[in-house]
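Data first, discussion second: the structure below is written as structure tokens.
Atoms within each ligand, like the ligands themselves, are counted from 1 in listed order. For the numbers below, each heavy atom of this structure counts, side chains included, while hydrogens, waters and symmetry mates do not.
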Amino acid sequence: MQGIWTTERIRAAEDRLLAVTPDGELMRRAAFGLSVHAAEMLAEHTGSVSGRRVTLLIGSGNNGGDALWAGAFLRRRNVAVSAILLKPERAHGPGLAALKRSGGKVVSIKDSPQWIRRADLVVDGIVGISARGPLRPDAAALLEYVSSPVLAVDLPSGVDPDTGAVEGPAVAADRTVTFGALKPVHALAPASCGEIALVDIGLRPELGEPDLRRLDTADVAAAWPTPGPDDDKYSQGVVGVAAGSATYPGAAVLAAGAAVRATSGLVRYAGHAADVVRGHWPEVIATGSVTDAGRVQAWVVGPGIGTGNEGRDVLRFVLGRGVPVCADADATTIIARSPDVLDARDPDTPLVLTPHAGEFERLMGSPPGADRVAAARSAARKYDAVVLLKGHCTVVAAPDGRALVNTPRGSWLATAGSGDVLSGLVGALLAAGLDPWLAAGAAAHVHSLAGALAAGGVPTSASGILGAVPDALRSLRSPAS
Ligand SMILES: NC(=O)C1=CN([C@@H]2O[C@H](COP(=O)(O)OP(=O)(O)OC[C@H]3O[C@@H](n4cnc5c(N)ncnc54)[C@H](O)[C@@H]3O)[C@@H](O)[C@H]2O)[C@@H](O)CC1
Ligand SMILES: [K+]
């Protein structure tokens with residue numbers, strides 16, 4: 001699992017490390033790593049390093065200091081380095097002196113457009129972890145002239161370091177080189193960060209437990225159920241799917257299909273789309289009502305069941321079975337409108353809620369806002385449930401405060417029916433006995449992987465995502481292929 005730390009925790013760890021490190025040492029470690037990446041980008045984009053032009057955008061903090069020192073290192077490789085100082089009187093002193101000693105040039109704001117336009121690489125050292133609010137106008141104005149590849153120092157300026165929110169002009173980096181540890185921005189604003197590289201400056205021992213996590217392929221591969229020689233269809237977990245309607249059977253077909261493809265356990269279906277589900281998935285045991293569905297180890301309830309009395313009865317029934325429940329789509333709306341349905345729930349049985357922003361607002365009375373991790377955590381506490389907050393980056397929070405982010409590859413999941421597939425995956429993992437937080441996180445990971453495989457650079461559909469689930473699972477076990 002990758003750890004992610006808030007800027008407050010990073011700063012505290014840096015202070016501890018600074019106290020036992022010679023003056024300027026940490027910045028030089030950071031800046032040297034940065035200069036290596038800058039040279040690599042120059043070589044990638046232009047075919048050479050020596051003689052190329054790099055322009056540094058320099059704010060008034062240590063982020064600018066990193067960039068200035070990196071500029072001095074690049075001079076050793078005969079790179080023409082120019083620095084635009086947003087506040088010359090407050091630029092990092094030792095960094096600026098080092099750049100000047102090395103033969104780097106300081107450019108006035110007035111001349112900055114041409115130096116930005118002519119650069120082979122622009123280095124964003126405007127703000128780092130102490131950034132507050134939207135980018136100030138003088139800094140924002142510089143971004144208009146950028147057309148070459150951009151390397152962001154620590155994080156792309158203009159993006160909130162702790163929430164990844166972008167409220168105004170912001171750097172869109174091709175690569176972000178960060179120091180010591182990942183910060184929330186790196187998981188929550190993938191499009192602004194570009195490729196992310198982590199430079200080790202010796203901070204890890206000072207950091208303690210992460211605030212936020214990201215599952216990597218190996219975690220998901222290890223968590224995903226694999227049957228052993230003694231397993232049978234029951235021992236791997238029977239999942240029940242209560243979804244769809246006679247008029248709208250699609251949600252049922254997708255959710256049940258995802259459950260079929262996720263694990264080799266048994267899938268039961270209960271609802272008005274039983275014939276259609278059976279037609280698509282002959283392996284599913286389908287029946288008309290949850291009351292005669294038979295025993296399951298987890299329920300998926302909600303997609304397409306409607307928000308009327310019948311849907312409410314179905315939800316109340318499954319919540320009262322004493323097994324984990326993934327409540328999705330219409331079930332979330334029912335819970336928001338009639339919270340008393342939750343009285344049917346045994347408080348010791350896990351509940352996973354999977355709201356998108358609109359459903360979240362119904363559940364919580366206000367939209368998730370800029371801090372989606374905090375929003376998911378507060379909903380998890382309120383409902384004593386794992387909350388999977390859908391969005392470009394999916395956040396999964398548990399009532400005990402654990403939170404993870406799933407950073408997607410592209411935006412291909414935003415298609416009708418995609419959520420039904422996700423809920424089927426979550427349900428199958430719950431039935432297999434996974435910790436519900438991990439189940440939701442692993443399902444989100446495989447869902448986005450399947451979306452990327454299905455899309456392959458062009459639009460896909462929920463059926464396409466469902467069809468790519470086996471390939472996504474295969475790729476977990478051989479990530480290089
Ligand atoms: N503390 C350390 O030991 C290390 C810090 N490092 C670097 O230091 C950075 C943090 O440095 P600082 O704490 O000095 O602060 P920053 O460089 O992040 O920014 C602070 C400055 O930016 C200005 N600013 C804040 N919000 C702004 C906005 N919205 N628009 C324009 N200007 C804004 C502030 O007035 C302040 O002068 C890290 O991101 C990292 O790049 C690295 O060198 C590694 C070691
Ligand atoms: K920056």
The atoms of ligand 1 lying under 4.0 Å from a heavy atom of Pro134, numbered in the order shown, are 28 (C), 29 (N)
**OP:** Confirm or rule out an N/O/S atom of Pro156, from backbone or side chain, lying less than 3.4 Å from the K ion (ligand 2).
**Re:** no
So the angle subtended at the K ion (ligand 2) by Asn63 atom OD1 and Ser157 atom OG, rounded to 10 degrees, is 110°
Item checked: Check against side-chain hydrogen bond (donor to acceptor under 3.5 Å, both in side chains), Thr354 and Asp328 -> CA-CA 5 Å; Thr354 54; Asp328 181 47; 2.5 Å; yes
Open item on the list: Both conditions, 6.0 Å and 45 degrees, for the charged tip of Arg118 above the ring of Trp115: are they met here?
Closed with: yes
| Quick one: are Lys382 and Met364 in side-chain contact, heavy atoms under 4.5 Å? | yes
Within the structure provided, determine whether Leu121 and His45 are in side-chain contact (heavy-atom separation under 4.5 Å).
no
Counting heavy atoms under 4.0 Å, the part of Asp66 that contacts ligand 1 is side chain
To atom 37 (O) of ligand 1, the nearest of Ser157, Ser60, Ala91 on a heavy-atom basis is Ser60
Here the atoms of ligand 1 under 4.0 Å from any heavy atom belonging to Arg90 are 35 (O), 37 (O)
### Task
Assess Asp154: does it contribute an N, O or S atom lying under 3.4 Å from the K ion (ligand 2)?
no
Heavy-atom proximity to atom 34 (C) of ligand 1 ranks first, among Arg132, Arg28, Met27, Arg136, for Arg136
Short version for Ala139: what comes under 4.0 Å of ligand 1, heavy atoms counted, is neither
Review point. So do the side chains of Leu182 and Trp5 get within less than 4.5 Å of each other, counting heavy atoms only?
Key: no
Note: OD2(Asp124)-the K ion (ligand 2)-O(Val127) angle, rounded to 10 degrees, equals 130°
Here the atoms of ligand 1 under 4.0 Å from any heavy atom belonging to Gly128 are 16 (P), 17 (O), 18 (O), 39 (O)
- Tell me, please, if Val153 has any N/O/S atom, main chain or side chain, under 3.4 Å from the K ion (ligand 2)? yes
Ranked by distance from atom 27 (C) of ligand 1, the top protein heavy atom is Val127 CG1, 3.7 Å
- [ ] Report yes or no: does a heavy atom of Gly59 sit under 4.0 Å from some atom of ligand 1?
- [x] no
among protein heavy atoms, the one nearest atom 8 (O) of ligand 1 is Asn62 CB, 3.0 Å
Minimal heavy-atom distance between Leu203 and Phe179, with the atoms involved, is CD2-O, 4.5 Å
| query | Between Arg402 and Asp400, does at least one N-O distance fall below 4.0 Å, as a salt bridge requires? | reply | yes
For Gly133, the ligand 1 atoms with a heavy-atom partner under 4.0 Å come out as 29 (N)
Check your understanding: Do you see an N/O/S atom of Gly128, backbone or side chain, under 3.4 Å from the K ion (ligand 2)?
Key -> no
Note: Ile129, heavy atoms under 4.0 Å from ligand 1, region reported as both
Residues 153-175 vs salt bridge (Lys or Arg N to Asp or Glu O under 4.0 Å), sequence neighbours excluded, gives Glu40-Arg175, Glu44-Arg175, Asp154-Lys183, Arg175-Glu195
Ligand 1 to Leu18, heavy atom cutoff 4.0 Å, flagged ligand atoms 3 (O)
the protein heavy atom lying closest to atom 39 (O) of ligand 1 turns out to be Asp154 OD2, 2.6 Å
Below 4.5 Å, heavy atoms only, C-beta onward: do Val150 and Val171 meet side chain to side chain? yes
Leu57 side chain reached by Leu143 side chain, heavy atoms, under 4.5 Å:
yes
Are side-chain N/O atoms of Asn406 and Ser448 paired as donor and acceptor at under 3.5 Å? yes
Has ligand 1 got any nitrogen or oxygen that is less than 3.5 angstrom from a nitrogen or oxygen of Arg11? no
